[in-house]
Number of protein chains: 2
Amino acid sequence: MSFEKEELEFLKKYDKNAFERCSMTADILIVSISNEESDNYRKNEKKRMSILLVKRTDFPYKGKWCLPGGFLDVTKETLEECAKRVLKAETNLQDIFLEQLYTFDGVNRDPRMRVISTAFVALVDKALLKEKVENASWFDIMEWKETKNKFELLLQNNSETILLDFDKKLKNSTSSNYEYISTNKNNLAFDHDIVIAQGLTRLRGKVSYTDIVFNMMPKYFTLKELQQVYEIILNKKLLDPAFRRIIANKVIKTKKMKTGEGHRPSYLFQYRGNE
Amino acid sequence: MSFEKEELEFLKKYDKNAFERCSMTADILIVSISNEESDNYRKNEKKRMSILLVKRTDFPYKGKWCLPGGFLDVTKETLEECAKRVLKAETNLQDIFLEQLYTFDGVNRDPRMRVISTAFVALVDKALLKEKVENASWFDIMEWKETKNKFELLLQNNSETILLDFDKKLKNSTSSNYEYISTNKNNLAFDHDIVIAQGLTRLRGKVSYTDIVFNMMPKYFTLKELQQVYEIILNKKLLDPAFRRIIANKVIKTKKMKTGEGHRPSYLFQYRGNE
DNA sequence: TGAATAGTGTCTGTGAGACAATATTAT
DNA sequence: ATAATATTGTCTCACAGACACTATTCA
């Protein structure tokens, strides 16, 4: 019997259910930037990070907020394709920055059965979003307090406030990987609070050594707007001259200007992209 | 009917098989450092990175080398626990640095059925490894050539040489995430060639801003040995004074020395750890 | 005109890169 | 003595941090 034939034979007899199988989902942390109107016509708008949550309409966790997500179609989809499908359904957006974050696999994270979830981070420019989606809502990150052992997030939409509160623990002293342990105050569905903590942490970590911020920017922006986005994500003030030096070769100055702001207008820039 | 009761009812009726389920595995890229004897008694040993591969004894890919891995026991294990179990079986080591790398989920990556694999990276000190494991072998990385669009690895054990050759493509111009497309020259089982490329790239990336290197070091080491490990992983020469400045507060100088080398002996250091 | 932001000039200190000089061992 | 590595000293240059100064708009 030839080797190939032998292998075919093997595959034909193979029992898929020799090991119990499990369900998979793709969940997405969709992050964007929102603008808060200022009281003073002269002052610039205040920016915040915001994330998209959807309200569960079914058990389990009926009525709780959670990340957009969906079951993987095992017969034909990759996880990323699954995530894109969900993204399209929730935001009607395609061709968006999407990156695999982590696979969450606690044995009892879903009361129905063993469900393993691969989480993604998506970054979008909110300006591209038109329609309001049923059961979905943007929550602004009003507060992000972090210490050596604590992680606290305050989320807020028009009518609700959600506090996420974690204990942080280093997984290994040689690495900077943290484990987030949610306190009982948290009340998002599943372990999505942890996905959020981990996703935002990843975002903060990558901002300094990549250009991912530009995925959240409109085509034209002022340098101050860009700086503000960096400041929110990094959670620290940056000095104007230093920021401009660093960012200079990543952007292109246009002849357009942002005017009518009650103060000196500023030039609009766009992302230069690679080479 | 109360809310809780309603939910219990729901869970009881829930059909796990409403969506087709899939199998999961944990695969591990185990990385270590090997020493190559020098011809000249005065000269220091040459170091290389090496990874552990096992030879498949069954279909599919019978006879091919692949990463150690195993099916997830869906009823009780997490993926990390599964990886630890495999690690114990392959190396008889516990309490080793282990970090989730990425989840690989190509629809046809396994000819038997849909199998999704979460890959881990493990770093070990080869000195701790005693027993030789059946069907397993360390492959040294003899060459790692990388350009903008290419990625090439040359693996070698006592008797075999394996070339891995990829095209590199940026997934997104704003991030530094690459997709690796294996050319037909590659012949490891499954998509494990890509796991290796991605894992080693992650390792290189994290070396500069973490202390993970120390997971591959023995308890006592000279600064030159440590420097060599950094040099191999980063693939560039470092200047002695600069390296010593950077590393100074991460290590503790002991009174022990490494002697008998045909040249000036050097102090042995150990990892300082956190705080 | 004044409030507010836009944008630039320049000094300083830190730290990496580079090279040189000195120290110490086994054969 | 010599080959080889270990270890340290120090100069320079780039660049981030800090602060000050000038420019420009709109009510």
Side-chain angles (χ1 to χ4, degrees), chain A residues 35-47 207-209 213 217-218 220-270, chain B residues 35-47 207-209 213 217-218 220-270:
Chain A
N35 295 301
E36 194 172 275
E37 283 297 316
S38 172
D39 42 345
N40 181 336
Y41 79 97
R42 287 183 189 279
K43 285 198 172 170
N44 282 338
E45 298 170 311
K46 189 171 168 60
K47 291 186 184 302
V207 151
S208 313
Y209 69 95
V213 165
M217 301 301 293
Y220 299 105
F221 48 82
T222 70
L223 288 185
K224 192 61 173 189
E225 286 167 348
L226 184 61
Q227 182 175 341
Q228 284 173 333
V229 175
Y230 272 93
E231 287 176 345
I232 300 167
I233 298 176
L234 293 171
N235 192 32
K236 64 175 174 194
K237 284 279 167 215
L238 303 175
L239 294 168
D240 297 5
F243 178 75
R244 279 157 187 263
R245 275 192 305 243
I246 295 163
I247 219 69
N249 53 2
K250 296 188 175 179
V251 295
I252 300 173
K253 191 173 188 170
T254 69
K255 283 169 182 162
K256 297 184 173 64
M257 302 206 78
K258 185 177 186 186
T259 55
E261 300 286 305
H263 52 74
R264 176 172 172 181
S266 64
Y267 280 99
L268 290 170
F269 290 74
Q270 57 183 127
Chain B
N35 295 301
E36 193 173 275
E37 283 297 317
S38 172
D39 43 345
N40 181 335
Y41 78 99
R42 285 183 191 279
K43 284 198 171 170
N44 283 337
E45 297 170 311
K46 188 170 169 60
K47 292 186 184 300
V207 151
S208 313
Y209 69 96
V213 166
M217 301 301 293
Y220 299 105
F221 48 82
T222 69
L223 289 186
K224 192 62 173 186
E225 286 167 349
L226 184 61
Q227 182 176 341
Q228 284 172 334
V229 175
Y230 273 93
E231 287 176 344
I232 299 166
I233 298 176
L234 294 171
N235 193 33
K236 64 174 174 193
K237 285 281 167 212
L238 303 175
L239 295 168
D240 297 4
F243 177 75
R244 277 157 189 263
R245 275 191 305 242
I246 296 164
I247 219 70
N249 52 3
K250 296 188 176 180
V251 295
I252 300 173
K253 190 175 190 169
T254 70
K255 283 170 185 163
K256 296 183 174 62
M257 302 206 80
K258 184 178 186 186
T259 56
E261 300 287 304
H263 52 74
R264 175 171 172 181
S266 64
Y267 280 100
L268 290 170
F269 289 75
Q270 56 183 127

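Just so it is clear, the values below take in all heavy atoms, side chains as well, and ignore hydrogens, waters and symmetry mates. Predicted model, so just to flag it, every value in this text is computed and none were measured.
Here the closest non-hydrogen pair linking Leu238(B) and Gln227(B) is O-NE2, 3.0 Å.
Taking 4.0 angstrom as the limit, Arg244(A) places a side-chain polar atom (N or O) nearer than this to OP1 or OP2 of dG7(C).
Nearer the 5' end of DNA chain D, as judged by each residue's closest nucleotide, is the contact made by Asp240(B), out of Asp240(B) and Lys236(A). Between Glu261(A) and Asn44(B), the residue anchored nearer the 5' end of DNA chain D, judged by the nucleotide with its closest heavy atom, is Asn44(B).
The distance from atom OH of Tyr41(B) to atom P of dT5(D) is 11 Å, rounded to the nearest whole Å. Put simply, CG on Asn40(B) is 17 Å from P on dT2(D), counting in whole angstrom units. The distance between atom CG of Asp39(A) and atom C1' of dA4(C), rounded to the nearest whole Å, is 13 Å. Counting to the nearest Å, the C1' atom of dC11(C) and the CZ atom of Arg245(A) are 11 Å from each other. Leu268(B) places its CG atom 11 Å from the P atom of dA6(D), with the value rounded to the nearest Å. The distance between atom CZ of Phe243(A) and atom C1' of dT5(C), rounded to the nearest whole Å, is 16 Å. Atom CZ of Arg42(B) is separated from atom C1' of dT5(D) by 10 Å (rounded to the nearest Å). Atom CD of Gln227(A) and atom P of dT5(C) are 12 Å apart (whole Å).
Nearest to the side chain of Ala242(B), among dG17(C), dT24(C), dA6(C), sits dG17(C). The listed nucleotides are dT25(D), dA6(C), dT5(D); the one nearest the side chain of His263(B) is dT5(D). Out of dT7(D), dA16(C), dA18(C), the shortest distance to the side chain of Ile246(B) is found at dA16(C).
A distance-only check finds no donor-acceptor pair linking the side chain of Thr259(A) to the backbone of Pro265(A) [under 3.5 Å].
As judged by a 4.0 angstrom heavy-atom cut-off over every strand, Pro265(B) is placed among residues touching the sugar-phosphate backbone only.
Using a 4.5 Å heavy-atom threshold, the side chains of Glu37(A) and Glu45(A) count as touching. Ser266(A) places none of its side-chain heavy atoms less than 4.5 Å from the side chain of Leu223(A).
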Check step by step if side chain to side chain contact (heavy atoms under 4.5 Å, CB included) holds for Phe221(A) and Val229(A). CA-CA 11 Å; Phe221(A) 48 82; Val229(A) 175; over 6 Å; no
